[in-house]
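Residue numbering restarts at 1 for every chain, and letters A, B, ... go by the order of the sequence lines.
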Number of protein chains: 2
Amino acid sequence: MYSIGIDLGGTNIVSAVVNEKYEIVAKAKTPTNSPRSAEEIFDDIARVSIEAVEKAGLTIEDIESVGMGTPGTVNGEGIIEFANNLGFKNVPAKEMLFERLGVENIFVENDANCAALGEAYAGVGNGSNNFVAVTLGTGVGSGIIVDGKIVNGVNFAGGECGHMVIMVDGEQCSCGRKGCWEAYASATALIRQTKKAMEEYPNSLMHKIAAEEGKVSGRTAFDAMRKGDIAGIKVVEKYIKYVACGLINLVNALQPEIICIGGGICNEGETLMKPLRRYVQSERYSIYSKIQTKIVKAELGNDAGVIGAAILQKVKQ
Amino acid sequence: MYSIGIDLGGTNIVSAVVNEKYEIVAKAKTPTNSPRSAEEIFDDIARVSIEAVEKAGLTIEDIESVGMGTPGTVNGEGIIEFANNLGFKNVPAKEMLFERLGVENIFVENDANCAALGEAYAGVGNGSNNFVAVTLGTGVGSGIIVDGKIVNGVNFAGGECGHMVIMVDGEQCSCGRKGCWEAYASATALIRQTKKAMEEYPNSLMHKIAAEEGKVSGRTAFDAMRKGDIAGIKVVEKYIKYVACGLINLVNALQPEIICIGGGICNEGETLMKPLRRYVQSERYSIYSKIQTKIVKAELGNDAGVIGAAILQKVKQ
């Protein structure tokens with residue numbers, strides 16, 4: 001049997017047909033073109049889903065379940081209560097998908113949670129049922145899986161680990177709090193830290209690198225560091241320390257089997273992962289435990305979302 | 001049927017016979033007199049347990065299960081891997097209890113987790129199965145319950161939320177990290193903050209209050225605040241902000257139904273709870289959710305541990 005996994009993003013809608021081995025059989029996508037009405041967006045979701053089914057050489061009768069990941073908070077009835085970047089408030093996503101696709105088993109979940117599920121079951125997690133996925137992107141997203149199930153909390157808003165404060169009265173976060181992990185460990189934060197260091201170090205290589213690239217990016221400081229630039233080294237060291245701080249917090253609270261780290265910054269690979277592991281190893285509370293949380297790089301990339309959405313049936317029933 | 005719940009503490013060993021309604025039928029206790037050998041301590045545990053059974057007018061045949069809470073890390077085989085304040089390393093607690101009591105069903109668990117279970121099932125939680133208990137004592141202890149089960153993590157060291165950093169490079173914590181929640185929100189931290197303010201404010205009422213009490217305690221600043229002392233007000237306001245910071249972190253990550261707060265500082269009652277609730281309300285990520293985490297005061301006091309230990313059978317099987 002096959003499932004449809006949908007990733008409704010701020011930029012693109014991606015739909016994939018996924019088989020029982022969690023492999024993508026076919027995929028289709030279209031721009032989200034947000035802001036638009038939920039009706040228009042769901043018409044497009046249905047259209048690309050059917051397109052993916054046809055690409056797979058199947059018909060909708062072959063589809064056992066449909067899962068969708070979306071930004072924002074999704075309640076137990078499959079209603080998107082709030083998704084600010086789509087302008088959605090109380091959108092009955094499950095019902096709208098059923099009207100358009102006619103499939104009985106429909107599951108809707110937060111996108112970071114879907115990505116966590118995808119990595120836990122079909123990616124680096126290799127079936128692990130105590131798993132945390134952290135995404136270092138524009139923000140810091142996360143999904144927590146305990147005993148094989150997503151930790152949604154009492155109001156389906158759980159898993160917002162990016163909004164745990166690591167610095168009381170620190171940097172302003174978009175959520176309203178000050179000093180959130182996201183305000184120190186996101187790509188956005190790294191870019192801000194890089195720009196600040198560039199002001200302090202007018203002779204840093206980072207100026208040249210940014211000029212060549214046409215902008216300051218999450219890579220600027222890492223590239224400068226690799227060339228021995230002192231300011232670049234300082235930025236990267238501090239940034240990695242902030243990332244590690246939140247990871248160790250998660251280890252101490254949950255001691256998951258695996259924490260997987262995804263998002264653009266992860267392309268730095270072992271340059272990022274090695275010092276992170278060193279920090280976690282030296283600061284975790286569980287110094288005497290024989291078994292320790294593994295810190296690994298996400299491996300499914302953007303596919304984690306659609307695969308995780310397709311798996312929702314497995315964990316939600 | 002009845003269960004025995006044991007609370008092995010650094011100071012006292014308490015054993016209670018608990019009935020099916022989670023009520024304590026009889027209780028006995030003896031000093032721990034640590035450091036001593038595990039054999040001696042377990043002989044005393046067995047002795048007070050039998051004493052509690054006799055006080056209840058029962059015999060050991062009436063006991064369905066034995067549960068014990070202990071400081072430190074307890075693995076899945078009921079071995080206390082490490083408990084620094086008892087000087088225990090790899091103590092086979094389950095086996096030692098069986099040898100001494102002859103009851104088949106024996107469960108051993110970290111004491112903070114037992115207290116959380118007690119409050120969740122028999123105290124303020126009223127059966128809630130998504131619950132976090134936080135204890136503001138010498139340290140900051142915590143136990144996390146998700147889906148009715150204790151979150152032990154992969155190595156049984158989970159739930160150490162007191163060792164989540166809220167201030168990068170902040171106050172030194174006993175765990176080795178800097179800036180842990182415990183280093184700001186424990187009674188120990190409050191006393192340190194009070195002493196520091198007393199140095200800064202030589203005319204503060206806190207000096208008189210501490211002199212009368214013979215020492216600076218967790219109550220000193222609260223008492224001064226109630227009498228309008230500026231320095232006392234400042235200490236309490238800052239302390240409550242630190243406590244709230246960690247609570248909001250837990251809300252954002254887990255969105256439990258209830259967070260219950262125990263420990264000596266809780267005797268301040270609504271003086272503490274009201275501003276904590278205000279902070280959580282204004283800073284939590286889930287501002288749009290209809291259902292919100294309740295922040296409540298623990299109600300079982302020291303009994304939470306023995307009752308929770310007696311309940312272990314229910315959640316561990």
Side-chain angles (χ1 to χ4, degrees), chain A residues 72-73 75 81-82 84 89 128 130 142 144 146-147 149 151-170 175-181 184 241-242 245-246 248-258 282-294, chain B residues 72-73 75 81-82 84 89 128 130 142 144 146-147 149 151-170 175-181 184 241-242 245-246 248-258 282-294:
Chain A
T73 307
N75 72 20
E81 292 190 344
F82 183 65
N84 63 322
K89 219 168 169 180
S128 165
N130 283 293
S142 71
I144 302 171
V146 169
D147 250 349
K149 284 183 181 168
V151 174
N152 282 121
V154 72
N155 51 14
F156 306 94
E160 289 292 349
C161 299
H163 299 286
M164 299 176 81
V165 162
I166 62 162
M167 188 83 89
V168 171
D169 291 332
C175 79
R177 297 186 85 187
K178 280 183 176 172
C180 287
W181 190 26
Y184 289 87
K241 183 176 163 174
Y242 292 136
C245 177
I248 302 162
N249 284 357
L250 292 174
V251 169
N252 286 353
L254 301 169
Q255 297 281 352
E257 192 180 346
I258 295 169
S282 69
E283 288 197 24
R284 63 192 166 202
Y285 191 75
S286 54
I287 39 170
Y288 292 99
S289 299
K290 281 169 221 138
I291 307 169
Q292 300 284 2
T293 303
K294 290 186 193 84
Chain B
T73 307
N75 72 19
E81 292 191 345
F82 183 64
N84 61 322
K89 218 168 168 178
S128 163
N130 283 292
S142 71
I144 303 171
V146 169
D147 250 349
K149 284 184 182 167
V151 174
N152 282 121
V154 71
N155 50 15
F156 307 95
E160 290 291 350
C161 299
H163 299 287
M164 299 175 80
V165 163
I166 63 163
M167 189 82 89
V168 170
D169 290 333
C175 79
R177 297 187 85 186
K178 280 184 179 174
C180 286
W181 190 25
Y184 289 87
K241 183 175 162 176
Y242 292 136
C245 176
I248 302 162
N249 283 357
L250 291 175
V251 169
N252 286 353
L254 301 169
Q255 298 281 352
E257 193 180 343
I258 295 170
S282 69
E283 288 198 25
R284 62 192 165 202
Y285 192 75
S286 53
I287 39 171
Y288 292 98
S289 298
K290 281 169 222 141
I291 307 169
Q292 300 284 2
T293 302
K294 291 187 192 84

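Atoms CD and OG, on A:Glu81 and B:Ser286 in that order, are 10.5 Å from each other to the nearest 0.5 Å.
Proximity to chain B (any heavy atom under 4.5 Å) is shown, for A:Tyr184, by neither the backbone nor the side chain. Of the two parts of A:Asn252, the backbone and the side chain both hold a non-hydrogen atom closer than 4.5 Å to a non-hydrogen atom of chain B. Neither the backbone nor the side chain of A:Asn75 comes within contact range of chain B; no heavy atoms are under 4.5 Å apart.
For the pair B:Cys245/A:Arg177, a side-chain contact is recorded, criterion being any heavy-atom separation below 4.5 Å from C-beta on.
Chain A forms more heavy-atom pairs under 4.5 Å with one residue of B:Asn152, B:Val251, B:Asp169 than with any other, namely B:Asp169. Interface check for chain A: of the options B:Val151, B:Leu254, B:Thr293, the most heavy-atom pairs under 4.5 Å are formed by B:Leu254. Of the listed residues A:Asp147, A:Thr73, A:Ile248, the one with more heavy-atom pairs under 4.5 angstrom with chain B than any other is A:Ile248.
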Could you give the side-chain donor-acceptor pairs of residues 153-168 of chain A under 3.5 Å, partners two or more places apart or in another chain?
residue  : atom : partner  : partner atom : Å
A:Asn155 : OD1  : A:Ala157 : N            : 3.2
A:Asn155 : ND2  : B:Gln255 : OE1          : 2.9
A:Asn155 : ND2  : B:Ile291 : O            : 2.9
A:His163 : NE2  : A:Glu182 : OE1          : 3.4

